[in-house]
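First the proteins, then the strands, lettered A, B, ... as listed; each starts at 1. Predicted model only: the values in this text are computed from it and were never measured.
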Amino acid sequence: MRKILKQEFFNRNASIVARDLLGKFLVRKMGRKEIVLMITETEAYDGSHDKASHAHKGKTARTEIMFGPAGHLYIYLCYGMYYMLNVVTGPKEYPAAVLIRAAKLWTSDVQSLDGAPIKDWRASLCDGPGKLTKFLKIDKKLNALRASPKAGLWFEDRGVKIKKRDIKKTPRVGVGYAGPVWSKKKMRFVLCC
DNA sequence: ACGATGATGAAC
DNA sequence: TTCATCATCGTA
């Protein structure tokens, strides 16, 4: 089973999408080379009331994409050095997105099995949103594009089932500025090892 | 523990 | 136009 995730998958609550993206696949294609990763860590940024979200300050040139259609890519430069990869969620005009924080490299032999049960997905790891985008050569050129083969970056369901007990919920990383309430909300989802 | 490094948003 | 801040990471 290999199904490209469509807008309807992303057009839901950001925390739901963040949770459901665990065990889904991120595919990056550049020329003939295709890299497949299984998503292992995400964070939800949900609505303009979310003080940790860039959209908390309203619609600006940067955050406009978060108000756009679900399934589009929101990519921005962080700390002057690292690009963050997000995918927009929820209905139009409702600003929300999911940050992809970590993913595991799918080995080529497993990749060729096409839907076979997964054994070796702990082999290689992209841990950290900045390292992930660096590895996949993701930058602002992809910002505002719809996640799709045409963009060279898309999401797939390959039939991996994730058990609820393998998902850990924690506060989001690096959002102390959001204040005591919003910085503590458990909107980070980690696939346990 | 800290510096690299530049876009962003708000103040002026 | 200046300024503080920042959804990070590698080096120490």
Peer 1: For DNA chain B, write out the stems as range with range, using runs of 3 or more consecutive Watson-Crick or G-U pairs with both distances under 3.5 Å.
Peer 2: B:1-4 with C:8-11, B:6-11 with C:1-6
Peer 1: Return yes if some donor-acceptor pair links the side-chain N/O of A:Thr63 with the main-chain N/O of A:Met66 below 3.5 Å, else return no.
Peer 2: no
Peer 1: Using whole Å, report how far CG of A:Leu73 lies from P of C:dA7.
Peer 2: 19 Å
Peer 1: Report all side-chain donor-acceptor pairs from residues 77-84 of chain A shorter than 3.5 Å, counting only partners two or more places apart or in another chain.
Peer 2:
none

Peer 1: Is a side-chain N or O of A:Asp157 found less than 3.5 angstrom from the main chain of A:Lys3, in a donor-acceptor match?
Peer 2: no
Peer 1: Checking all strands, does A:Arg172 fall into the base, sugar-phosphate, or nothing category for heavy-atom contacts under 4.0 angstrom?
Peer 2: nothing
Peer 1: Base, sugar-phosphate, or nothing for A:Ala178, non-hydrogen atoms under 4.0 angstrom?
Peer 2: nothing
Peer 1: Donor-acceptor check, side chain of A:Arg188 to backbone of A:Thr170, threshold 3.5 angstrom: yes or no?
Peer 2: no
Peer 1: For A:Glu41 and A:Ala103, indicate whether the former's side chain and the latter's backbone hold a donor-acceptor pair under 3.5 Å.
Peer 2: no
Peer 1: Which comes earlier along DNA chain B counting from the 5' end, the contact point of A:Lys140 or that of A:Tyr79, where each point is its nearest nucleotide?
Peer 2: A:Tyr79
Peer 1: Taking the ring centre of each residue, are A:Phe155 and A:Phe10 less than 6.0 Å apart?
Peer 2: yes
Peer 1: Which atom pairs, one a donor and one an acceptor, fall under 3.5 Å between side chains of residues 51-59 of chain A and the rest of the protein, sequence neighbours left out?
Peer 2:
{"from": "A:Ser53", "atom 1": "OG", "to": "A:Ala55", "atom 2": "N", "distance (Å)": "3.0"}
{"from": "A:His54", "atom 1": "ND1", "to": "A:Tyr74", "atom 2": "OH", "distance (Å)": "2.8"}
{"from": "A:Lys59", "atom 1": "NZ", "to": "A:Glu93", "atom 2": "OE1", "distance (Å)": "3.3"}

Peer 1: With a non-hydrogen cut-off below 4.0 angstrom, is A:Lys51 in contact with a base, only sugar-phosphate, or nothing?
Peer 2: nothing
Peer 1: How would you give the extent of chain A contacts on DNA chain B, as first and last nucleotide 5' to 3' within a 4.0 Å heavy-atom cut-off?
Peer 2: B:dA4 to B:dA10
Peer 1: Short question: side chain of A:Lys134, backbone of A:Gly130 - any donor-acceptor pair under 3.5 Å?
Peer 2: no
Peer 1: Under 3.5 Å, which N/O atoms of the protein pair with N/O atoms of nucleotides 9-12 of chain C?
Peer 2:
{"from": "C:dC9", "atom 1": "OP1", "to": "A:Gly128", "atom 2": "O", "distance (Å)": "3.4"}
{"from": "C:dC9", "atom 1": "OP1", "to": "A:Pro129", "atom 2": "N", "distance (Å)": "3.2"}
{"from": "C:dC9", "atom 1": "OP1", "to": "A:Gly130", "atom 2": "N", "distance (Å)": "2.9"}
{"from": "C:dC9", "atom 1": "OP1", "to": "A:Lys131", "atom 2": "N", "distance (Å)": "3.3"}
{"from": "C:dC9", "atom 1": "O4'", "to": "A:Tyr82", "atom 2": "OH", "distance (Å)": "3.2"}

Peer 1: Would you say the side-chain atoms of A:Arg172 pair up with the backbone N or O of A:Ser183, donor to acceptor, closer than 3.5 Å?
Peer 2: no
Peer 1: Just N and O in the side chain of A:Tyr177: are any of them under 4.0 Å from OP1 or OP2 of C:dA7?
Peer 2: yes
Peer 1: Among residues at least two apart in sequence or on other chains, which ones pass side-chain hydrogen bond (donor to acceptor under 3.5 Å, both in side chains) with A:Asp166?
Peer 2: none
Peer 1: Decide yes or no, distance alone: a donor-acceptor N/O pair under 3.5 angstrom between the base of C:dA7 and the side-chain of A:Tyr76.
Peer 2: yes
Peer 1: Rounded to the Å, how far apart are A:His54 NE2 and C:dT5 P?
Peer 2: 15 Å
Peer 1: Any carboxylate oxygen within less than 4.0 angstrom of a Lys/Arg side-chain nitrogen, looking at A:Asp20 and A:Lys24?
Peer 2: no
